[in-house]
Amino acid sequence: MCGITGYTGLNQAGPILLEGLRRLEYRGYDSAGIAIQSERKADADGSESAGSSIKMLKATGKVSHLVEKFEAEPDFKGVCGIGHTRWATHGVPSDTNAHPHLSADGKFAVVHNGIIENFAEIREELQKYGIEFKSETDTEVIVQLLAYNYKGNFKKALMKTIARLTGSYAIGVISDEHPGTIFAAKQASPLIIGIGIGENYFASDITALVSNTKNVIDLDDGEVAEITPDEVKVFDHTGKEIEKPIRHINWDIASAEKSGYDHFMLKEIMEQPQALKATIEPRIKDEEIIFEELNIDMKKFNRVHITACGSAYHAGCVGRGIIESLCKIPVEAEVASELRYRDPVMDEKTLVIVISQSGETADTIAAMKECKYKGATVLAIVNVVGSSIAKLADYCLYTWAGPEIAVATTKGYTTQVVLLAMFAVWAAGELKTISHGAYTTMVKDIMRLPERAQRALDLNSRVKKMADKYNDNQSLFFIGRNMDYAVALEGSLKLKEISYLHSEAYAAGELKHGTIALIEPGRLVVALCCYEKLLDKTISNIQQVKARGARVLAVAHEGNRSIFAEADDVLSVPVTDPLLVPVIEIIPLQLFAYYVALKNGCDIDKPKNLAKSVTVE
Ligand code: G6P
């Protein structure tokens, strides 16, 4: 949550910071602000004007509001500054609570992503010294404490300040007395430094920087960076300077642009065939799955536990079915926010699979730490390279889906599912719970997924028509069994998070135990019918809701004629192995959610109250 960025160089910082914030907006978008070290005006006698050189602009709402304010301020000039786009945790979204925050003397400004858990105690202490606080945020204590600790040495004051903080932070700080210098520090929130020529940057992630540089330094927890136009110095928690490697990013700016699409979400839906290829192809050689990253002895484990949040958890529900079916090992899937506080029974014979697109989700990180503490081995499935979860895990498989910008995940989810499927087939091969023939058939089916995903995308215009026909439903249900039920969970979440319609996913057989009371004439039920082993059962459930007046939109395999007699409308997707069904079946549901939200005039890429990377509890 929250995106931060900073620039120091020879160019005007304002437009660079605003562009960075625009690209980081998916991380939070209830208010935004920038601070720059402005050029000091000389007085008539040649001396510098009194007062701070730090100038700030803030706006409640989207970054576009801040841009409007900036455009109306031609004198807002300076070559070094910091910026922030917020997802409120402490204090309502307002100009006062928006970052950057200034110290009471106006000499320091800070932007922060994370939560300072001991802010109340520090604030009380500083208030006793007469320091006045302006905002309701936890962040303001950082800058007030910094100013209080400052005795002429910026780095020393910052190191002393962060040593007092508990919780999570990625921060950028500028000082009135140190023109051109930014200090950045990190603890459990993401922060990277961008290396340019005669100019340097920092940001929450690479999307903010990729139009300016592809060379980055990953700051690690406890480290502090001193960033000037010509140099970046990194210090460890004791203040000792350390060498850090420079990582070269190999994706280009088009990955962070809409490239002609109206929304990132639609672009990312359409990118799924390529994203799936990127996940699959490098790992298959001569019809064999090779995980160079995995040096695990699967025989060591007697159970698997999958944990994640949101759509990643839904991917985990699919993974549970595939791993259990192929590896014949008990598998549980549980949301991380529950697992972390449940004192789960696990030990060194447990393999925990954590799944996360961003690699920064706070609940997932906490759950994985809890599992490690209990002795489990942790395998992470992550998209963002170098993210916290990737680093903390014992093993990591990257989905390589490329940057995902829309808050509602699409290619992130499908690549997670396919990677779980590949892991299951690989592990079954290791455990010898699958015959050679079945292994090869699964590998071939996995290799066909990108082409089948493309064919599912060809349903685009038909799905749009369905969205036009059914978008008047204020409340709807997604039903399915087994793999279809796992897809129902994700299809329902997609719809509610971007269109704000009430929707619920139900295991089809469970409807009759209460929820069927809500079925009334005209109610839309989306019935998922691709898991053919249980098709007859699902058809009975369709008949039950139809008998009570529901309208049914079914998703079924091409060639399934029987479903046409049962449902009002059918979306036919390419046939695939029952365990791989979710990768294809979710695609029309992603499109359905997209077009319903479009029809209802919703802000698709930035749904209200949400953020893509949830770094708070
Ligand atoms: C947020 C996003 C979801 C995502 C979930 C988990 O709620 O809006 O799309 O599934 O976080 O995020 P992660 O980055 O851990 O996959």
Side-chain angles (χ1 to χ4, degrees), residues 1-3 25-29 87 89 113 188-190 204-205 207 263-265 268-269 275 306-319 333-340 352-369 378 380-393 396-417 419-420 486-487 489-500 505 582 586 589-590 593-594 597 602-617:
M1 338 277 299
C2 302
E25 208 174 9
Y26 71 89
R27 300 179 66 87
Y29 34 85
W87 190 90
T89 55
N113 169 31
S189 289
S204 301
D205 73 45
T207 42
H263 297 95
F264 279 111
M265 183 179 178
E268 288 157 6
I269 291 173
I306 302 177
T307 191
C309 299
S311 297
Y313 164 69
H314 295 158
C317 293
V318 176
E334 189 173 7
V335 287
S337 53
E338 286 295 315
L339 178 73
R340 65 182 288 189
V352 171
I353 303 180
V354 297
I355 310 168
S356 176
Q357 189 286 129
S358 64
E360 302 293 347
T361 303
D363 282 324
T364 310
I365 293 175
M368 100 187 249
K369 284 184 176 162
V378 175
I381 291 189
V382 172
N383 190 34
V384 177
V385 175
S387 53
S388 302
I389 292 176
K391 283 181 184 159
L392 284 167
C396 178
L397 292 174
Y398 285 114
T399 48
W400 294 328
E404 193 179 61
I405 313 276
V407 166
T409 182
T410 51
K411 64 177 183 174
Y413 166 85
T414 44
T415 52
Q416 286 162 355
V417 171
L419 201 45
L420 283 160
V487 178
L489 292 168
E490 176 59 7
S492 170
L493 177 64
K494 257 339 46 129
L495 185 75
K496 78 179 101 181
E497 70 181 326
I498 61 167
S499 73
Y500 318 142
I586 192 63
L589 303 185
Q590 295 168 340
Y594 175 82
C602 302
D603 190 346
I604 292 178
D605 284 340
K606 300 185 195 93
K608 69 174 183 221
N609 305 338
L610 303 183
K612 186 153 190 72
S613 174
V614 185
T615 53
V616 297
E617 200 176 333

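Whatever order the structure lists ligands and atoms in, that order sets their numbers, starting from 1. Computed from a prediction, not measured in an experiment: that's the story for all the values here.
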Next on the checklist: Can you tell whether the side chains of Arg340 and Asp363 come within less than 4.0 Å, N to carboxylate O?
Outcome noted: yes

Next on the checklist: Could you check whether Lys411 pairs with Glu404 (Lys NZ or Arg NE/NH1/NH2 to Asp/Glu carboxylate O, under 4.0 Å)?
Outcome noted: no

Checklist entry - OG1 of Thr414 to CD of Gln590: how many Å apart, nearest 0.5 Å? => result 6.0 Å

Checklist entry - Nearest 0.5 Å, what's the SG-CZ distance between Cys2 and Arg27? => result 8.5 Å

Checklist entry - Identify the closest protein heavy atom to atom 16 (O) of ligand 1: which residue and atom is it, and at what distance? => result Gln357 N, 2.7 Å

Item to check | Contact (N/O only, under 3.5 Å) between Thr364 and ligand 1 | outcome: no

Checklist entry - So, is the end of the Lys608 side chain (NZ or CZ) under 6.0 Å from the ring centre of Tyr500 and within 45° of the ring's axis? => result yes

Checklist entry - atom 7 (O) of ligand 1: which protein heavy atom is closest, and how many Å away? => result Val614 CG2, 3.9 Å

Next on the checklist: Return the closest protein heavy atom for atom 12 (O) of ligand 1 as residue, atom name and distance.
Outcome noted: Thr361 OG1, 3.4 Å

Item to check | Identity and separation of the nearest protein heavy atom to atom 6 (C) of ligand 1 | outcome: Cys309 O, 3.3 Å

Checklist outcome for this item: Value for NZ (Lys369) from CG (Leu392), rounded to nearest 0.5 Å, stands at 5.5 Å

Checklist entry - Of all the heavy atoms in Val407, does at least one lie under 4.0 Å from an atom in ligand 1? => result yes

Item to check | Numbering as shown, the atoms of ligand 1 that approach Ala312 to under 4.0 Å (heavy-atom distance) | outcome: 10 (O), 16 (O)

Item to check | Where ligand 1 meets Ser356 - atom numbers and elements under 4.0 angstrom, heavy-atom basis | outcome: 13 (P), 14 (O), 15 (O), 16 (O)

Next on the checklist: Tell me if the aromatic rings of Tyr413 and His314 count as close, with their centers under 6.0 Å from one another.
Outcome noted: no

Next on the checklist: To check your reading of the model: name the closest protein heavy atom to atom 10 (O) of ligand 1, its residue, and the distance in Å.
Outcome noted: Ser311 N, 3.0 Å

Checklist outcome for this item: So the atoms of ligand 1 within less than 4.0 Å of a heavy atom of Thr409 turn out to be 9 (O)

Next on the checklist: Which residue and atom name correspond to the protein heavy atom nearest atom 11 (O) of ligand 1, and how close is it?
Outcome noted: Lys612 O, 3.8 Å

Item to check | Separation between CD1 of Ile365 and CD1 of Ile389, rounded to the nearest 0.5 Å | outcome: 4.5 Å

